[in-house]
Engineer: 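First, the structure itself, so that you have it in front of you.
Lettering follows sequence order; numbering is per chain, from 1.
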Amino acid sequence: LTPLRAVAGEVTVFAAASMKNAMDEIAQKYEAATGNHLVVSFAGSSALARQIEQGAPADIFISANAKWMDTLEGEGLVDPATRFDLLGNRLVLVAHGKDAAPVEIARGMDFAGLLGEGRLAMALVDAVPAGIYGKSALSNLGLWEQVEPKVAQSDNVRFALALVSAGEVPYGIVYATDAVSDDNVSVAGTFPEDSHDPIVYPAAKVSESENPLTGELLDYLRGDDAKQAFEKQGFTVLAVRPAG
Amino acid sequence: MFDGLLGPEEWQAVRLSLKVALVATVASLPIGVFVAYALARWRFPGHQLLNGIVHLPLILPPVVTGYLLLITFGTQGAVGSFLKKIGIVFAFNWTGAALAAAIMAFPLMVRAIRLSIEAVDSKLEEAGSTLGASRRQVFATITLPLILPGIVAGAILAFAKAMGEFGATITFVSNIPGRTQTLPSAIYTFLQVPGGEASAMRLVIISVVIALAALFASELVARRIARRVAGS
Amino acid sequence: MFDGLLGPEEWQAVRLSLKVALVATVASLPIGVFVAYALARWRFPGHQLLNGIVHLPLILPPVVTGYLLLITFGTQGAVGSFLKKIGIVFAFNWTGAALAAAIMAFPLMVRAIRLSIEAVDSKLEEAGSTLGASRRQVFATITLPLILPGIVAGAILAFAKAMGEFGATITFVSNIPGRTQTLPSAIYTFLQVPGGEASAMRLVIISVVIALAALFASELVARRIARRVAGS
Amino acid sequence: MTLALELRHSFPSFELDASFEVPKGVTVLFGRSGSGKTTIANAVAGLFKPDFGRIVLDGQVLMDSTRRVFLPPHKRRLGYIFQEGRLFPHMTVRQNLAYGGRFAPRQEAVENMERLIGLLGIEHLMDRRPALLSGGEKQRVAIGRAILASPRIVIADEPLAALDEQRKGEILPLFEKLRDELAVPILYVTHSPAEVARLATTVVAMEHGKVARVGPPAEVLSDMQVMPLGVRAAGSMIVARVAAHHDDGITELDANGVSLFLPRLDKRPGENIRVRIPAQDVLLMRSRPERISALNVIAGTVVEIRAGEGPGAMVSLKTDAGLLLARVTKRSVAALELAPGVVCHAVVKTVAIAPEDVGH
Amino acid sequence: MTLALELRHSFPSFELDASFEVPKGVTVLFGRSGSGKTTIANAVAGLFKPDFGRIVLDGQVLMDSTRRVFLPPHKRRLGYIFQEGRLFPHMTVRQNLAYGGRFAPRQEAVENMERLIGLLGIEHLMDRRPALLSGGEKQRVAIGRAILASPRIVIADEPLAALDEQRKGEILPLFEKLRDELAVPILYVTHSPAEVARLATTVVAMEHGKVARVGPPAEVLSDMQVMPLGVRAAGSMIVARVAAHHDDGITELDANGVSLFLPRLDKRPGENIRVRIPAQDVLLMRSRPERISALNVIAGTVVEIRAGEGPGAMVSLKTDAGLLLARVTKRSVAALELAPGVVCHAVVKTVAIAPEDVGH
Ligand SMILES: Nc1ncnc2c1ncn2[C@@H]1O[C@H](COP(=O)(O)OP(=O)(O)OP(=O)(O)O)[C@@H](O)[C@H]1O
Ligand SMILES: Nc1ncnc2c1ncn2[C@@H]1O[C@H](COP(=O)(O)OP(=O)(O)OP(=O)(O)O)[C@@H](O)[C@H]1O
Ligand SMILES: [Mg+2]
Ligand SMILES: [Mg+2]
């Protein structure tokens, strides 16, 4: 494999950190299929976007929310023609313990009563996508007022999950993708899709990039191999390869 | 003068940060002095182990430290659940933020104090003991005054670090406005959203002003002590 | 022995972290000694300012430091675009990771060295000057050997910090495997996804082992130096 | 109080093997630089733990390596005047002086503080820190600090080395007072024969880490063969009673019927004192001299003559006042035809007996 | 080389105001503890910058506060023996000794290193670090370090205070050699009259930060009124030529026709030397004594008699050998009916003239 890499091309993707598992698998498949090397830099979307603003050597950017992609697009830093919504995700309420009782998330429910003395773990509600979506969902359901004083915000959604997993809080709001594979948490309910803006992971080519492989990779991400990998991690795949 | 500059929630964050940094520094200082003394002066079986543990927060990424704190001092954690019984709760409390800040700053504090202790001429301590001072009295009357510059340095390092600590704190006690939202969390929040840089920078400036004021004060204190030893 | 333990990309991260921490420590050491000396011994107009600047990385949340580095040393940044012309690129390069680590560790290094310098008996330096040694020669032959323990302490603090630094690094140079992905960045990435904890812990252990090994080595060196001064 | 001591220790290139037992009073450790004096002082203070050692002070075991007894320094109630001062740099002179008193059990102070400060000439330095003191000033503060700790034993390592003659003369009586009035045992290290003569109850002469000679100063100083002290230290000790103070500033002593004239002494008539008469200040004449400026002429009989390696010889003379030693040239021995049994006159100038040679 | 110096400085409780000009040779600073000796030495070394000052060494201005000239210490080519040693703790004795040589411009070393090390008695300490040395050993290394720096001026602040008499006697010739053979000017601080007498070309007597008296030692020491030195320091200086070495270990000197007998000296016949005769060691007789153990009997005429405050009086005697001083009691002055013009005999014991009293 190694000698192949030397002669083959290389594509650099700046991707939201939450995509790591899926992207690692896709990278392997992609390399096997094309012989091209896929380099992925995982970090928070805000950090990656700022780096692209500062001329980072990225070919493709996949953001965990639309806002940062919009910002870059506004600055002409990503190519709007190549932009598409790659993935979708769902917001779920997780509870501590293997077999938590299901919770019906609906307008008018007694969320505060559900939490009792406990707190609700979320990602930063004004800064981190999962937190922003969560807050807007709760607001739309008219629950935010009663919940707000009990929210414990982490700097990313994984540590919100960790709080639930450790039993420090009874409930947390995380992505569906996060709830996978943690034995100490179970999904108690899923937020209605219309309670918040759609959760999308837009992807686009970075304007500065002159890498000839970007088009091919953007296509590949919409292909079956990628779809499988994304779905395995609980993502909803929004984009399919355009015909032709 | 900053009244127009900051919203009430930000003011809260400023106050909380100050409280957390002060408490973290003051509360850990005696332990820091003790550990530094033990590392500098005693030879005991767990010496290297203790030294390693003290340095861990420096080596580990802050989130890891925060996570370890969570599973240790959280209400479900080994230590946390015990402390809870006797009424001490760190989780989701400003005390937890102080604990995280203190632990993150601990290696810096200990190193500074330890260096000072190692620089003390043990002949002076001997002289104290011949004059009837027990080990403890020698420490209080000779060693401690002589290492004051190191203690001041250690304290100011710890304070500055505590003012800037974020990763371990937010992981351990998360961000609850008014309870655990310190300046760095607020700054981080602003930096996560497009266009938040200006707001973040306002808070950064406040944080820098506070820490520099403390730093300058500490320099004055240290210089004064040094001048006294050098002879008024 | 870790061969089975780590994948090639992880090995790369280990090697890169070592390189970054070593280079950051070694390259900043002379500057650290110089700045510490200036702060300890000279009185000049910008004294407090310099002192404040040195402490800034401690006070600021790491992401802020990283952000400031990015907009200064990035290829679009004021300094970065100039340096690029003369062939020096920090942005998205391992050198940038080293720069970030060095800057984050700088206050710790300077404080340790400064404390040692302040503990040097200036009467010995005077004695050196009466014997014909110029200021520089006095520094090289008397001050420097006498502050070696402080330099070792400063270096090990810097190394440990560089091994653990993450916030500023990932913000500044991103997390590009093989180029800028250090151990802490790799750990962070693992912690971002379900099931990554075990992998993260493996890397944490490696990072701790390396840093502790360096720490123990430094203790041996420091003790040896101390024993020599105390008279073999 | 007696001090019994037995020490053995090996340094890489120095071997300490000293044991002696001395009665109460001032024990002077005398010997060349590097002979182990400070090492012994440190062992008594508990600052140095020899490989093997046993130190007993007035019945109390301070250390015993075989029985694993080791009394820590702060329980030994010491007043240690270090060779290198060791003042606390962060305290003023006043605080340095007061330091010992803070830990000493409440009791009468050994010395009146005010008087001591005056004696040491440090009144004007009380609020200064050690860094600003001169060498001799530091040493004087160190002396004060040790004395004011109400010690049960004083260890003084060359306490007067940095001082001028005049100040030495003023401070020496302080040690005499400690010795006599307060009965504090003193371990005193010095290179000065005059201090030995004046203070010592017992002299321990050290040589290369070993004890070369122990004994009362009269004996050790009169011993013509004690080389560690140097031949110039030789002299005899005369015990005398103060007879009268004359108007012309001269004090008359009565040494077993023999009159001795000295520069005015600060002693009451009737008091007993010891006078050291350095051997080299004694002149011998066969006939009683007339019209001589020396007031002290003592008749005696030659007991022994020891010729040294150089040009000198030591003549010991039996007089009514006691044994007198005279150091003269071999040439004079021949010229005066001195031999055991010969009667002659010892001449000693009044002014040759310096204040520091008079003890009590 | 001459040293001209003018210093004024105010410490909170000490006022320095000293100026003097001395010819080449050894300038001894003499005075009580705290009188400002070390402060002057530091000013000459450039370690202390007085408020106002001007120091000129052999035409070179070392400092001049009005002209803002200040030569930094490392350019002054000093050999400073500090009162407190100041050895480099991280270097071995050998490295300490070699330190000065590293920066001195290549030239003939002032002293042969091997010889100096032997003289100082530190051969066995070469690889040790200062922390393990005794007080006197440290001081000896400090002396060696300063001398081996090939200094253009030596500053020695009580260099021999911590040493035993024997070692002092061994090291003193080193300073004489520097003075005479190598013509290195020396600023020497001491409390010892014997060292003054032996080494000084010029004595500067300090009192409370002021210069009390400057002059050649013969004059200052003979001056009956110089109190700072203490009355016991008084004595006269005789210049003499070595006449012969006798078999019985006695060296005969010729002082302008008068024979003087001393213990064997290490000088060649024909060499000129200076002998200090301490005033208190001189005995006066009206008639020439017979059968006396003292070999030196010098006839003279009383020039002046000064009565002191105490029982003593200082008699100066004009002899062929030069002016002699004798310290006697007032009572003896009366008994011998001494008065200016009276002829009498001065008696000096051979052994009273100690090696450290003989210079050259
Ligand atoms: N820790 C040590 N290791 C090796 N040698 C030592 C140590 N301590 C002392 N010595 C040596 O032991 C000898 C005796 O030292 P000590 O200090 O007792 O001498 P001293 O009689 O006090 O001499 P001085 O009159 O010069 O002060 C010296 O030769 C010294 O170098
Ligand atoms: N920096 C200073 N501030 C105030 N006083 C000082 C300072 N330096 C020296 N002195 C005082 O000046 C006087 C002279 O000090 P110096 O060291 O010159 O004395 P010295 O003649 O060397 O005495 P010694 O024989 O005791 O060493 C002392 O009374 C000392 O306390
Ligand atoms: Mg000693
Ligand atoms: Mg002095």
Side-chain angles (χ1 to χ4, degrees), chain C residues 29 33 36-38 40-44 112-156 218-232, chain E residues 38 41-42 44-48 71-93 95-107 125 127-133 137-138 141-142 144-157:
Chain C
L29 206 49
V33 172
Y37 191 87
R41 287 291 170 81
W42 299 337
R43 290 287 158 264
F44 50 94
I113 299 173
R114 181 177 167 185
L115 275 171
S116 302
I117 292 175
E118 281 165 351
V120 168
D121 185 358
S122 59
K123 285 180 184 251
L124 295 176
E125 296 172 318
E126 282 185 2
S129 75
T130 67
L131 289 163
S134 67
R135 271 223 219 171
R136 204 167 299 193
Q137 287 164 330
V138 164
F139 178 79
T141 57
I142 298 169
T143 321
L144 200 61
L146 287 176
I147 62 170
L148 265 189
I151 293 181
V152 170
I156 197 64
S218 81
E219 288 282 326
L220 285 185
V221 171
R223 213 176 294 172
R224 203 159 174 182
I225 296 169
R227 222 176 316 127
R228 281 178 64 186
V229 171
S232 104
Chain E
T38 300
N42 281 342
V44 173
L47 299 179
F48 163 64
L71 197 68
H74 71 276
K75 295 207 175 128
R76 297 190 183 193
R77 304 275 322 280
L78 304 158
Y80 194 157
I81 302 158
F82 294 93
Q83 197 168 4
E84 352 77 73
R86 300 202 196 180
L87 297 184
F88 304 127
H90 57 297
M91 300 183 191
T92 61
V93 167
Q95 290 165 330
N96 266 283
L97 291 174
Y99 192 84
R102 287 161 72 175
F103 308 107
R106 285 277 148 257
Q107 59 161 39
L125 307 173
D127 295 314
R128 242 191 260 172
R129 273 171 231 279
L132 300 186
L133 300 182
E137 286 164 351
K138 277 187 198 132
V141 175
R145 184 178 68 173
I147 305 282
L148 288 170
S150 311
R152 239 185 39 180
I153 175 170
V154 168
I155 302 175
D157 198 349

Engineer: Does any backbone or side-chain atom of E:Glu84 lie under 4.5 Å from a heavy atom of chain C? Answer side chain, backbone, both or neither.
Structural biologist: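 Answer is side chain: those atoms of E:Glu84 sit under 4.5 Å from chain C.
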
Engineer: At a heavy-atom separation under 4.5 Å, does E:Leu133 approach chain C through its side chain, its backbone, both, or neither?
Structural biologist: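 Neither the backbone nor the side chain of E:Leu133 comes within 4.5 Å of chain C.
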
Engineer: Which answer fits E:Arg76, side chain, backbone, both or neither, if we ask what part of it has an atom under 4.5 Å from a heavy atom of chain C?
Structural biologist: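 Neither the backbone nor the side chain of E:Arg76 comes within 4.5 Å of chain C.
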
Engineer: What's the shortest heavy-atom distance between E:Tyr99 and C:Val138, and which atoms?
Structural biologist: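 Distance-wise, the nearest heavy atoms are OH-CA, 4.3 Å.
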
Engineer: Among C:Ala133, C:Ser134, C:Pro145, which has the most heavy-atom pairs under 4.5 Å with chain E?
Structural biologist: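 Top count of heavy-atom pairs under 4.5 Å with chain E: C:Ala133.
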
Engineer: Could you work out, with salt bridge (charged side-chain N to carboxylate O under 4.0 Å, His left out) as the rule, every residue matching C:Glu125, not counting sequence neighbours?
Structural biologist: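 Here the qualifying residues are C:Arg41.
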
Engineer: Would you please classify the geometry between the E:Tyr80 ring and the E:Phe82 ring as parallel, tilted or perpendicular, with 30° and 60° separating the classes?
Structural biologist: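 Ring orientation of E:Phe82 relative to E:Tyr80: parallel.
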
Engineer: Would you please name every residue forming a salt bridge (charged side-chain N to carboxylate O under 4.0 Å, His left out) with C:Asp121, sequence neighbours left out?
Structural biologist: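 Partners of C:Asp121 under the salt bridge (charged side-chain N to carboxylate O under 4.0 Å, His left out) test: none.
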
